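Let me begin by presenting the structure, written as structure tokens, before commenting on it.
This one's a predicted model, so the numbers in the text were calculated from it and none came from an experiment. All values below were derived from every heavy atom in this structure, side-chain atoms included, with hydrogens, water molecules and symmetry-related copies excluded.
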Amino acid sequence: MSRKQILAGNWKMNQTITEARNWIRIYQAGQKKGFRTDVLLFPSFTTLYPVSKEAMKAGITLGAQNIHEAEHGAFTGEISAKMLIEAGAKWVLVGHSERRTLFGETDDRINLKVRRALFSELRVILCVGETLEERNAGTHQEVVRQQVINGLQDVHKSDLAHVVIAYEPVWAIGTGKTATPEDAQEMHAAIRQIINSEKGGEIAEQMRILYGGSVNKENAAALFACPDIDGGLVGGASLKVESFLSIFRAL
Ligand code: PEP
């Protein structure tokens with residue numbers, strides 16, 4: 001089964017509206033038409049709407065970096081699915097390790113966010129990944145297994161077509177350390193196996209699983225050549241449009 005690859009850029013708390021516009025302009029000029037890859041960008045909330053037209057023209061689909069699980073209400077500082085959709089988001093990142101560790105998001109909360117997003121017709125990238133301690137202790141497969149099962153609890157098979165999983169080992173995010181293609185492939189195959197046993201073989205074959213964690217133009221080609229790696233979620237190296245384009249070429 002051939003799965004359409006995805007290259008996604010997570011800008012975190014970087015890039016103003018002006019910087020984002022410049023980035024998209026240069027991207028569009030450097031990009032070839034007719035490519036068979038979904039290109040997604042996750043800018044800040046305030047940048048979504050102002051760049052939505054330019055992004056569409058450049059063939060980029062926008063997503064948000066977070067969502068609140070409630071439909072609306074007294075949640076100062078939070079943002080709802082409806083607001084994100086109105087601002088031009090089609091996707092949302094859920095369960096990023098920075099949300100888990102710095103903002104205390106638990107698997108239960110992450111599951112509520114996944115379900116709210118899907119209910120609202122937003123597509124989801126569910127991020128999972130183990131810490132260095134967990135990998136050294138040999139519990140990494142079990143940790144990721146629990147994150148996948150809990151994150152997708154009560155998500156119906158028909159909605160899973162709108163879910164992508166990003167395997168992002170916490171020790172590789174923003175550190176310059178990358179999982180070897182062999183280790184990444186092993187975990188991606190394990191994730192596909194979990195989906196197979198929990199939700200069925202058909203959706204397991206269809207589901208796109210991305211690798212994230214210090215992807216750059218040097219390591220991208222070897223990672224993306226692995227059979228169960230369907231593209232990448234890129235943080236730091238997505239901020240410079242030239243390095244994002246080089247990673248794109250590696251696909
Ligand atoms: C990320 O934050 O999702 C990420 C993969 O970051 P980086 O590429 O900088 O490791």
Side-chain angles (χ1 to χ4, degrees), residues 1-11 20 23-43 48 51-64 88-94 117-118 121-127 157-168 178-179 181 184-185 187-189 191-192 195-196 199 201-251:
M1 131 98 37
S2 93
R3 294 175 289 269
K4 192 174 182 191
Q5 289 184 308
I6 295 180
L7 185 61
N10 173 16
W11 283 353
W23 191 106
I24 293 172
R25 195 174 35 76
I26 300 169
Y27 170 87
Q28 195 173 8
Q31 187 54 283
K32 294 212 174 67
K33 292 272 173 292
F35 48 84
R36 228 191 77 85
T37 300
D38 286 327
V39 177
L40 316 179
L41 272 189
F42 294 81
L48 281 170
V51 304
S52 54
K53 281 207 183 95
E54 288 103 315
M56 201 198 288
K57 276 193 212 138
I60 295 168
T61 307
L62 295 178
K90 303 271 189 263
W91 288 79
V92 64
L93 284 183
V94 181
L118 293 171
E121 301 194 349
L122 280 165
R123 290 172 177 258
V124 171
I125 296 187
L126 171 65
C127 304
K157 258 196 226 169
S158 58
D159 280 332
L160 285 173
H162 297 149
V163 176
V164 166
I165 293 179
Y167 168 57
E168 300 202 301
T178 322
Q185 166 57 28
M187 186 63 93
H188 280 237
I191 293 171
R192 205 173 297 288
I195 300 294
N196 187 337
K199 311 278 184 183
E202 199 182 335
I203 189 65
E205 269 309 298
Q206 281 167 17
M207 186 172 277
R208 291 175 291 178
I209 307 176
L210 311 183
Y211 172 80
S214 296
V215 173
N216 57 38
K217 62 179 191 306
E218 278 78 36
N219 58 32
L223 286 161
F224 297 157
C226 298
D228 285 293
I229 299 184
D230 305 310
L233 177 55
V234 185
S238 71
L239 295 177
K240 291 232 160 54
V241 62
E242 293 79 11
S243 64
F244 188 80
L245 281 167
S246 313
I247 295 170
F248 179 88
R249 287 180 202 115
L251 274 168

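Salt bridge status for E205 with R3: present, with a side-chain N to carboxylate O gap under 4.0 Å.
Considering only heavy atoms from C-beta on, T61 stays 4.5 Å or farther from D38 through its side chain. Side-chain atoms of I125 and N10, non-hydrogen and from C-beta on, never get closer than 4.5 Å to each other. Looking at heavy atoms from C-beta onward, I26 lies in side-chain contact with E242 at the 4.5 angstrom threshold. Residues K4 and R208 meet the side-chain proximity criterion, which asks for heavy atoms closer than 4.5 Å. Considering only heavy atoms from C-beta on, V51 stays 4.5 Å or farther from I60 through its side chain. Looking only at side-chain heavy atoms (C-beta outward), I209 and R192 come within less than 4.5 Å of each other.
Side chain of Q5 to main chain of R36: no donor-acceptor pair is present (N/O by atom type, distance under 3.5 Å, no hydrogens or angles). Distance alone, capped at 3.5 Å, places no donor-acceptor pair between the Y167 side chain and the I191 backbone. Although no hydrogens or angles enter the test, the distance criterion places a donor-acceptor pair under 3.5 Å between the side chain of N216 and the main chain of N219.
Test T37, L251, L210, V39 against I6 for side-chain contact (heavy atoms from CB on, under 4.5 Å) and you get one pass: L210.
Here the closest non-hydrogen pair linking A89 and L122 is O-CD2, 3.4 Å. Between A189 and D228, the closest heavy-atom pair is CB-OD2, 3.8 Å. The shortest non-hydrogen separation linking S52 to L62 is CA-CD1, 3.7 Å. Residues P181 and L223 approach most closely at CA-CD2, 4.0 Å, considering heavy atoms. Residue I195 comes nearest to A204 through the heavy atom pair CG2-CA, 3.7 Å, listed as atom of the first residue, atom of the second, then distance. In terms of heavy-atom proximity, A161 sits nearest to R123 at O-NH1, 3.8 Å.
Atom-to-atom distance recorded for I24:CD1 and E54:CD is 6.0 Å, nearest 0.5 angstrom. S238 OG to L41 CG: the interatomic distance, rounded to the nearest 0.5 Å, is 7.0 Å. Atom NZ of K90 sits about 11.0 Å away from atom CG of L48, to the nearest 0.5 Å. Atom-to-atom distance recorded for N196:CG and I203:CD1 is 11.0 Å, nearest 0.5 angstrom. Atom CG of residue D159 and atom CD of residue E121 lie 9.0 Å apart, to the nearest 0.5 angstrom.
Counting heavy atoms of neighbouring residues, nucleotides and ligands inside a 6.0 Å radius, atom NZ of K199 exceeds 12 of them.
With sequence neighbours left out, W23 forms a ring pair (Phe, Tyr, Trp, His ring centres under 6.0 Å) with W11, Y27, F244.
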Check the pair V164, D230 against side chain to side chain contact (heavy atoms under 4.5 Å, CB included), reporting the backbone distance first and the verdict last.
-> CA-CA 10 Å; V164 166; D230 305 310; over 6 Å; no
